[in-house]
Amino acid sequence: MISAVMVALLVTMVLALLRAFLGPDRYNRILAINMFGTKTVLFVAVAGFLFGRPDFLDIGILYALVNFVATIAVLRLSHYEELVSGRSGGAGE
Amino acid sequence: MTAQLPALQVAIPLACAPLCVLFRVRFVPWLLFVVAAVGSLVCAALLAGRVASEGTVRYAMGDWRAPAGIEFVVSAFNTPVLLLVSLAATVTAGYARRSVAAEIEPRRRRLLYACLCLTLAGLLGLAVTGDVFNAFVFLEISSLATYTMIAMGQHRRALLAAFRYVVIGTVGAVFVLIGIGLAYAVTGTLNMADLAERLAEGHDNRALQAAVVFVFVGLAVKMAVFPLHAWLPGAYAEAPSVVSTFIAATGTKVAVYVFCRFAFTVFGAALVFGVLRIDRIGLALAALAMLVGSAAACFQQDLRYLLAWSSVAQIGYILAGVSLATASGVSAAYLHLINHAVTKAALFAAAGLLVMQLGSVRLSALAGLGRRMPWTFAAIVVAGLGLVGVPPTAGFVSKWALVTALVERGMWPVLVAMLASSLLALVYVGRIIEVVWFREPPASAELEPTQSPATPASMVAAIWFLVLLTVYFGIDPTFPGGLADAAASALLGSGGE
Amino acid sequence: MIAGLYVYWALFAVMLIGLYVVISHGNLVKKLLGLTVFQVGVFLFFISVGKVAGGSAPIIAEGAGPYSHPLPQVLILTAIVVGVATLAVGLALAVRIFESYGTVEEDELERVADEQPEPNGAFGAQCVPNAPFGSERGGGRS
Amino acid sequence: MMTFVLTNVTLLVILIATAIAISRMRALYEATMLGALFSLVTASLFVLLDAVDVAFTEAAVGVGISTVLLLGVLALTRSREAVTPRRRHLPALIAVLLAGGALGYASQDLPAFGAADSPVFSHPITGTYLHQSQEDIGIPNTVTAVLASYRGLDTLGELVVVFTAGLAVLSLVGPPARPEETMPRADFHLADYRIIRIISGILMPFILLFALYVLFHGEYGPGGGFQAGVIFAAGFVLYGLVFGLDKAQRVVPRVALRILVSLGPLVFIGLGLATMLLGGQFLDFDVLDPNHPEEGQHLGILLVETAIGFTVAAVMTTVFFSFASRGVSR
Amino acid sequence: MIVVDVMSGVLLGAGALFALSGGAGLLRFPDFYTRIHAAGVTDTAGAGLILLGLMLQVSSWETGVRLLIILLFLAMTSPTAAHVLAHAARRDGVPVWREGDERR
């Protein structure tokens, strides 16, 4: 059953990767990469159980943390650039 | 305490670097660099004595036996390099105080001294280590510190030169890493002596041959051998003068030592020069480097670019000596390595003094200043003749040794290239002499007679110490010659030692 | 034949893509990204040499079967951090080059270097980059 | 066994696809994001190849620090969306063909992937590291044992490399601006940041706690000095991104950073010199506790990991603050 | 014991289906906001179910605690990230897809 979940996760990762490549604009790509990150967290957890050493799940916690920091960083930095160039009308709609 | 010498050799400069950053009081960072340089010189001298008396000195780090732990190996082939690097550091330390005060803004001075200590520690570690991956780590330490120092140059071109060196240097280091990885995959060990034993029989193993090629391409980048030398002119010419003086004398020289160490004691001359014929490629690249380096040097407008291109040519000479793979060839290469380091350090130090006095070293700006600053330009002329290889200087002795080694192996085309390159060297040194002594100083120079303030004694002393050293080695080459012969016999004789 | 070596060929492909990006691309930041890809390819090669089929991580536990070799992992722990250190130095240089030359594209750098060979030294910042972290200080020199 | 090969092949295919996408992607922001994804896939491959500590470091460093630095520099250098198409294809192709040929030539004699009788495993040091270390050092995580004790000099060299990178960034991009210089603009306190603020506020203590856990758990499970240092830095990066640079600098003052950056290497080298003075070789931890050397090894490894942890955290945070304040103070 | 295995099998199956549907939704939906809905929901739910399924198969309590921490962490950060992403896109003026528009 776990190997079935592993296959499902891999398929989802490939789908997310396709969206990351195709994604017309930046936000689709950020979304795809964020989803890919979450699936990687699950991949590590399932791989731990599948290969018999489940006690290495600290990596899962780290993945989730780092994925969150990367997503915030991408939004914070790229988003900010728009704010400066004033394209999006500055403070609010 | 003498048992701990190899570790102290690297630990002293390594400990001084963070101290430089911590103590920001005016001259303490410079003092720490002096302590690091003198300390490493004392260790190198004591080690040379012990090696002369007891032969190879082995030092197991952390008291773990060789293949499991890392070991330092000090033998006849790396004592000359240790002495050379420590001596260059000591002279640079003496020279540095005024030159750094003139060129680097106060905030960055302690960082520069810390990076100088790190480069010294990296080069000494690279020269001493007996573990292949440890050599990669020390290579990265010295390279990273050198990138930082080059970027402190005054002109904005220094940033471009540093960035180009970062990219090319890192690609070279990764090539060395690929070579180490392939060798590890085939033998399972990282210790040089252990590696040599396990490689003795597997000469037809294709992964091993590829490992040799990758390591040597990576080292060729660090040695600035002809096709991969693009980073050197910018790096040497744009760096602060203290930095170019130190790395011109040591950077590529330690890389040549590592090349010899890998070629003779790790992979074995039979594989490198027998099966893979690296000697033919080496000699061809050396001849090209001599010609291109000297030719390019003739057309440079800036004194420091001229000296940097001449370094490319001189490395061609050293590579030619090593590629002969004969005892006389390697000994001539070691001799030229020592002589050229001392000569080029003197020239870059003199150029640094000129930068401090005149602001720029473009040949047009130096016109006719021979009479105004006789000591500096006399030093440049004598050291320049050393580059050409005129009899009283050390350059002549090492080139003569190279010529005899080449004749012995009958490598006539390389010999012709060498003579042509020496003639070209005569051209560009002659050009300096003509510009400085025989040309009328431009009108502007007359207006500010006060332009030449009292030349700092410490800098002139450092320059003239190096110049006198070249002349001394020229007249009485027994000391460097002895070191070079011992190194050559240690490399070739021992084989897998 | 293929069963044993497919991993190595895939990793060699990743290395070569990284090398290609480093040499061919003109943008300085893109070169550093290519450098990272090149280095990661080498790191994966080291670790795959130390893997044993059906083995587990070299953390000793009762009955955990054959262990993969710890030595390549130690080497790569060192190499990863060296890679990041080089990346940080490269990026710091890229920022300073942008401030002195106004661009990080290699062909524009050559053009700018030819047009104005002698601006004041490396410390003068020709243009003020935007503030990426939402904070503004009194008008910087623009 | 089949699932291992299947997963391995899938991840390798994803890896190569991402690498090609990075090389073809013209917009730099997207290329950097794909770089983050590339590091994540690499870390997953490391997990598959039983390199648990390396997966830890690669994920924390590759996705956490490198991505944030690259994005910060892209913001600073105002890189336009598209990269100029001028590319030097010829030299690149020549280099790739030569290197590829050499690698292909080498791959014919490489030991098969996963072979138990390959030279790497038949070398006697395998036994030393896996079994002998249990008596000499006695910590389950042999990677940390080899890293800190058997090959302690490599780790010292690596710590010095991180220290040098910190020096380089300090000298090139200048020390981080003082907190009062980096007052955020009025419209920065927007309603849309309130949710991230609350979540980050809640998560911050746990992130730092997790970093400390990783630091001291390095001997029994995946973890160690470098990983902990990078997680510390990721926590401060998150805090700086969300709450603005000035608050972050109040949490981590500049002086503390400068002291910590140079204190770490000093502690490590001091430890080496201390073992020398106590009569052992450089970095020989047995002499730290004469009557039972195993305790000495434990103490030595713990000191080494702590020194590395604080230095890497200080250097990575200094680098991030320098880049961030560069945009501000100019 | 069989009940626990069946329960974890069901949970794992549901989680896998959620993940797959999220992936499919990501590709098939016409524009950004619909895709973020698909990804956001299935991320959190799929992860939660799979981790719960794994928790039932756990042998030692340490692993269980680690799984719980991952679950809590994902439960907090995944929706936040989705929110921030949607908000940034909205502020950045990404147009909303109307019936009849072409795919974006």
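Quick note on labels: first sequence line is chain A, next is B, and so on, each numbered from 1. Keep in mind the model is a prediction, meaning the values are calculated, not measured.
- Atom CG of A:Leu31 sits about 12.0 Å away from atom NE2 of E:His37, to the nearest 0.5 Å.
- For a residue to count as touching a neighbouring chain, one of its non-hydrogen atoms must lie under 4.5 Å from one of that chain's; by this rule A:Leu9 touches chain E with the side chain only.
- Distance check: A:Asn34 CG to E:Leu85 CG gives 7.0 Å after rounding to the nearest 0.5 Å.
- Heavy-atom pairs under 4.5 Å with chain A were tallied for E:Ile50, E:Asp31, E:Val94, E:Thr44; the largest tally goes to E:Ile50.
- Neither the backbone nor the side chain of A:Val7 comes within contact range of chain E; no heavy atom of the residue lies under 4.5 Å from a heavy atom of that chain.
- Counting heavy atoms from C-beta on, the side chains of E:Thr63 and A:Phe49 come closer than 4.5 Å.
- For a residue to count as touching a neighbouring chain, one of its non-hydrogen atoms must lie under 4.5 Å from one of that chain's; by this rule A:Asn67 does not touch chain E.
- Atom CZ of residue E:Phe73 and atom OH of residue A:Tyr63 lie 14.5 Å apart, to the nearest 0.5 angstrom.
- In this structure, the portion of A:Leu42 lying under 4.5 Å from any heavy atom of chain E is its side chain and not its backbone.
- Ranked by heavy-atom pairs under 4.5 Å with chain A, the list E:Val58, E:Leu20, E:Leu74, E:Thr80 is led by E:Leu20.
- Heavy atoms closer than 4.5 Å to chain E are found in both the backbone and the side chain of A:Ala16.
- E:Gly22 and A:Met35 get closest at one heavy-atom pair: C-CE, 3.5 Å.
- Note that CG of A:Leu57 and CD1 of E:Ile69 are 10.0 Å apart. Values are rounded to the nearest 0.5 Å.
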